[in-house]
2 protein chains.
Amino acid sequence: MSLPHAILTALLEKPSSGLDLTRRFDKSIGYFWSATHQQIYRELGKLEGEGLIRTLPAEQPARGQKKSYEVLPAGRAELARWTAAAQDPRPQRDVLLLRLRAAAVVGTAGLEADLRRHLELHRRQLAEYREIEQRDFPPDRDAPEDRIRHLVLRAGIDLETFWTQWLTHALAEFAELPDD
Amino acid sequence: MSLPHAILTALLEKPSSGLDLTRRFDKSIGYFWSATHQQIYRELGKLEGEGLIRTLPAEQPARGQKKSYEVLPAGRAELARWTAAAQDPRPQRDVLLLRLRAAAVVGTAGLEADLRRHLELHRRQLAEYREIEQRDFPPDRDAPEDRIRHLVLRAGIDLETFWTQWLTHALAEFAELPDD
DNA sequence: CGGGTTTGTGCAACTAGTTGCATAAGGAGG
DNA sequence: CCTCCTTATGCAACTAGTTGCACAAACCCG
């Protein structure tokens, strides 16, 4: 039940149309909560129906016309409520670790190439995060919202760092393993 | 599409009944692929229908009677295929980071307590993993399957380590933030 | 031996997310 | 002007996972 709240956050940061949101989910927010445009449009409809957001009173919104949304007070309140409410971490789900465990039983043949590919993907992501950090968080700027957003980005950077290290280590282990 | 493969892996490690599997998913495998007993029973039915597993020829399986499954050759082949096939990492989804980003907009009130709670949960999980490491992976044992399984456990340990550090850091930042 | 708890299996309904496709407006180019 | 591409919105069907509940056998206890 987090997509609506992700959308509320994005709209509070800046009122947007469905497509704008989609683009923004492909960047920043999507780094830890991805969504397709179909999901977003559906959710925008629901949120409007619940009175949490409304369309910006622009020209008549015909099909194929842009429709921008902004958050209503009720929406902001709901987001604040949700942010503060205790939530248990959702159960981990990691396919790669599962595959590795399977490989311990059926053999590692073929898996190594995909580990390499994943390593490359994580390296790229890490580089992208570092660029964002350079660009958006120069040293000595510290408005409270910036500090919090920087904290989120740090999590992303450290997670990607972890994965690149772990994958490197895993590949080194593979090299020592007897062929199977 | 990973649950069936998680089950195949578990059954290859040791033929089991639905309830046995449920228990094992609450431990080891569930650490990176959790599943409820309802999911497991449903999936066992499907896998049997597809000829990938079969019930161990025990006594007649009436309702309320244990029914144990073992993996058939076709099942092992399917697992090997799946393990070796290239798969893109599935998009990240982290509610806590999303909430933090929302907090940058609607304020951090109430969030701090839950961060503390999460920190405690991750500490506990980390301690549990370390115990398992002590117990199951003493130094100088290194059959190939053990090395791979140890690698998986290391990922768990390092991830929990990351989260405890990050949460500690986040709480320190919160302490410096002006109240809101 | 009768009633409550535990063990074990399972169905049904719901929620969230994914995939595939439809539709319309507007602009670009021959 | 007609076609093709891009922008923009959206529906429908499907898949995976969650929640709530049902039910039978076995075991345990007074």
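Every chain is numbered from 1, with letters handed out A, B, ... down the list of sequences. Note that these values count all heavy atoms, side chains included, but never hydrogens, waters or copies made by symmetry.
A perpendicular orientation is assigned to the rings of H37(B) and Y41(B), their planes being inclined by more than 60° (bins at 30° and 60°).
Put simply, OH on Y41(A) is 18 Å from P on dT19(C), counting in whole angstrom units. Taking atom NE2 of H37(A) as the reference point, atom P of dT18(C) lies 13 Å away to the nearest angstrom. In this structure, H5(A) atom NE2 and dT15(C) atom P are separated by 15 Å, rounded to whole Å. Between the P atom of dT9(C) and the CD1 atom of I7(B) lies a distance of 13 Å, rounded to the nearest Å. Here the P atom of nucleotide dT9(C) and the CD atom of Q39(B) are 16 Å apart, to the nearest Å. In this structure, Q38(A) atom CD and dT9(D) atom C1' are separated by 10 Å, rounded to whole Å. One interatomic measurement links the two molecules: CZ of R42(A) to P of dA12(D), which rounds to 11 Å at whole-angstrom precision. For the pair L21(A) CG and dT9(D) P, the interatomic distance rounds to 9 Å; values are reported in whole Å.
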Let me check I have this right: for DNA chain D, each base becomes ., (, ), [, ] or |, based on Watson-Crick or G-U pairs with both distances under 3.5 Å. What is the full string?
||||||||||||||||||||||||||||||

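Comparing L44(A) and W33(B) against DNA chain D, the residue whose closest nucleotide sits nearer the 5' end is L44(A). Between D20(B) and K46(A), it is D20(B) whose nearest contact on DNA chain C lies nearer the 5' terminus.
With dG10(D), dA16(D), dG10(C) as the choices, the nucleotide that has an atom nearest any side-chain atom of Y69(A) turns out to be dG10(D). Nearest to the side chain of T36(A), among dG10(D), dT19(C), dG10(C), sits dT19(C). Nearest to the side chain of L3(B), among dT18(D), dG17(D), dT9(D), sits dG17(D).
Taking 4.5 Å as the limit, some side-chain heavy atom of L21(A) sits within range of a side-chain heavy atom of L11(A). With a 4.5 Å cut-off on side-chain heavy atoms, I157(B) and L126(B) count as touching.
Judged by distance alone, the side chains of Q87(B) and H118(A) never bring a donor and an acceptor atom under 3.5 Å apart.
Between E112(B) and R116(B), at least one side-chain N (NZ, or NE/NH1/NH2) sits under 4.0 Å from a carboxylate O, which counts as a salt bridge.
T22(A) has no side-chain polar atom (N or O) that falls below the 4.0 Å cut-off from OP1 or OP2 of dA8(D). In this model, the phosphate group of dT18(C) is not approached by any side-chain N or O of R90(B) to a distance below 4.0 Å at OP1 or OP2. An OP1 or OP2 oxygen of dT18(C) is reached within less than 4.0 angstrom by a side-chain nitrogen or oxygen of R93(B). Considering only side-chain N and O atoms, R23(B) lies nowhere under 4.0 angstrom from the phosphate OP1 or OP2 of dT7(C).
Judged by distance alone, with hydrogens and angles left aside, the side-chain atoms of R99(B) form a donor-acceptor pair with the main-chain N or O of A85(A) at under 3.5 Å.
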Would you check, one step at a time, whether the test salt bridge (charged side-chain N to carboxylate O under 4.0 Å, His left out) holds for R117(B) with E120(B)?
CA-CA 5 Å; R117(B) 200 172 61 89; E120(B) 188 48 37; over 6 Å; no

